[in-house]
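Here's the structure we're looking at; comments come further down.
Quick caveat: nothing in here was measured; it's all calculated off a predicted structure. Residue indices begin at 1 and follow the sequence shown. For the numbers below, each heavy atom of this structure counts, side chains included, while hydrogens, waters and symmetry mates do not.
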Amino acid sequence: MSGTCKYSCDTATHTLQWINAIIDFLRPYAFLIHSHVVNFFKDRQWEAVDKEWMDCLRKDPVENLLLIPSGVVQSLPGMHMVSVNSVLAQGMNMKKKHEVEVLSAIVSSIADSVRAHTIVDVGAGQGYLAQVLSFQYQHSVIAIDACSHHGRVTDARAERIKKHYAAQMRKSKSGNGRFNVPKTVTCRVISIDMLKTLTGMSLHKGDAEHLGFFEEDNTKLIEEKPKSQCVANSGTSLVLAGLHACGDLSVTMLKAFLECKEAKAVVSIGCCYNLLSEEGADNIETHCGFPMSSGVKSAVFPLGKSSRDLACQSAERWRSLEKDDGLHNFELHSFRAAFQLVLSKYYPEVMETSPSIGRQGKALRRRQQRKVEAPLHHKEVACPHFHPNQKGSFPNIDPNEPETDETSRLATDKDALLNGISSCESTRCVGPKSVDKYKHFEKFTRSGLCRLGLKPLERINFHEIWKEAEPFTELIGPYWSLRAALGPLLETFLLLDRLLFLQEQGHSVEVMMLPIFDPEVSPRNVAIIARKNLPQI
């Protein structure tokens with residue numbers, strides 16, 4: 001945070017004061033953080049915002065609106081980093097390379113400081129972090145991931161890297177030819193006990209040999225109860241590390257760190273707050289991802305999925321958007337919100353399922369950034385399936401689901417369609433542009449219905465729907481920007497809850513929260529770093 005911030009998180013007391021200040025600030029804006037912009041027209045959401053605000057912001061150019069959500073750019077604390085060489089960086093994009101370079105240096109430093117024998121990379125993906133820690137920093141690493149494909153990719157990539165280093169050593173006639181190669185484990189970590197078992201087994205050669213056998217049946221991990229499961233004074237130690245461990249996995253890491261005696265430190269960077277389990281009416285489980293701390297539990301400030309979605313906003317990236325990209329973003333929001341009117345009026349039974357039609361603009365923005373232009377195809381998108389599901393349910397296109405050939409083709413058609421939308425000089429579009437937008441809205445709606453497996457009804461009056469929504473489309477940019485401005489505050493609230501949870505353990509744990517990545521490159525940039533204080537002898 002900047003030096004002028006009046007709040008700190010040095011102690012549990014100070015952290016709780018900061019949390020309560022955030023809650024007090026957010027309470028009056030509950031209508032904003034709990035809203036879903038797809039219902040913008042249906043619920044007339046702009047009417048809940050102070051009229052003077054909307055009157056002022058509706059006149060602002062889109063460039064100014066995109067600046068509203070941005071916070072202060074936070075600097076990286078001093079840390080000795082080694083640039084990842086071209087061999088280790090193979091397959092990494094710019095974002096991943098930045099993250100791995102920074103985080104590997106921090107994790108290595110922490111591991112050295114606690115004299116850890118092993119680093120456990122939780123949610124390792126394709127093993128980029130694990131391999132840099134192994135080959136470059138010479139640590140023993142266990143890479144855990146739920147996807148068996150990722151494990152195979154990690155192993156194959158490690159073998160190629162190993163061959164490269166071996167060839168270099170033969171040429172220079174140096175070294176002993178031995179390398180630390182990450183061990184991969186395929187396992188869906190669904191509980192603290194499971195992660196504790198995995199970490200305990202990883203430290204003992206006898207058990208470590210059997211780790212790979214749990215791919216098909218994770219329950220065996222708990223049933224076996226290996227003798228090496230996290231015991232005090234075993235003479236071994238480990239560090240837990242997670243680069244964007246998804247949803248509850250980051251929470252499980254922090255809890256396992258406290259409960260596993262052999263875990264001496266943890267470095268956690270969370271993501272996907274929308275996937276967190278939350279204590280409340282919709283979740284009867286006792287071990288939820290939010291809230292974690294006693295302080296936040298006592299405050300009784302439920303978030304809900306819309307608020308957790310909002311915490312995932314990439315404010316710094318929006319600030320860097322070009323004007324045309326910003327306009328396209330708001331246009332997509334207006335099309336999606338108008339599409340909700342169609343569902344509400346003509347398919348009310350579908351509304352009960354909270355339908356998702358995917359992030360139709362994400363691929364578009366990437367194409368635009370690469371300066372790839374696609375022509376506008378004046379043709380209907382062919383729907384492969386025109387039938388509702390049985391029992392009144394409809395297909396739900398998960399935005400995070402890997403694209404199949406079919407969904408990829410639909411996304412391509414959508415990109416071609418939306419690339420034909422010309423930008424206006426301001427957020428208000430009038431004259432012939434209005435006719436163009438109606439055509440694009442109709443095509444957007446037909447494609448959306450297709451994605452939900454619904455056949456367009458002959459009685460749908462697309463023109464009437466757009467006529468109802470169009471006068472208020474210029475308000476969706478200001479509303480979205482005001483709402484997005486609360487995203488960083490919500491993320492801070494979620495992270496402070498985790499920090500306070502560790503601080504509530506007293507002097508046995510030393511914990512800090514640091515922004516370690518450039519937020520424009522990697523929006524989820526805050527690391528929670530904790531280590532156990534060893535008893536004085």
Quiz prompt | Shortest non-hydrogen separation from Val509 to Gln505 and the atoms involved | solution = CG2-CB, 4.2 Å

Practice problem: In plain terms, say whether Glu99 and Lys95 are close enough for a salt bridge, that is, a side-chain N and a carboxylate O under 4.0 Å apart. | Solution: yes

Quiz item: Are Phe25 and Phe493 close enough that their ring centres sit under 6.0 Å apart?
Solution: no

Exercise. Report yes if some heavy atom in the side chain of Phe330 is under 4.5 Å from a heavy atom in the side chain of Leu65; otherwise report no.
Key: yes

Practice problem: Fit a plane to each ring of Tyr165 and Phe135, take the angle between them on a 0 to 90° scale, and name the class: parallel (under 30°), tilted (30 to 60°) or perpendicular (over 60°). | Solution: parallel

Quiz item: More than 12 non-hydrogen atoms from neighbouring residues, nucleotides or ligands closer than 6.0 Å to CZ on Arg27, yes or no?
Solution: yes

Self-check item: Residue pair Ala143 / Ala130: nearest heavy atoms and the distance that separates them
Solution: CB-CB, 4.0 Å

Quiz prompt | Over all atoms of both residues, closest heavy-atom pair of Thr154 and Gly127 | solution = OG1-N, 3.4 Å

Quiz prompt | Donor-acceptor under 3.5 Å (Arg308 side chain, Leu276 main chain) | solution = yes

Practice problem: Search all heavy atoms of Ser307 against all heavy atoms of Leu303 and return the closest pair with its distance. | Solution: OG-O, 3.1 Å

Self-check item: Audit row: Glu159, Lys163, salt bridge (charged side-chain N to carboxylate O under 4.0 Å, His left out) steps and yes/no
Solution: CA-CA 6 Å; Glu159 281 302 310; Lys163 288 179 181 178; 5.8 Å; no

Exercise. Please work out which of the three classes, parallel, tilted or perpendicular, describes the rings of Phe31 and Tyr29, given edges at 30° and 60°.
Key: tilted

Exercise. Taking all heavy atoms of Glu278 and all of Cys288, pick out the closest pair and write down the distance.
Key: C-SG, 3.9 Å

Exercise. For the residue pair His244 and Phe517, categorise the inter-ring angle as parallel (less than 30°), tilted (30 to 60°) or perpendicular (more than 60°).
Key: perpendicular

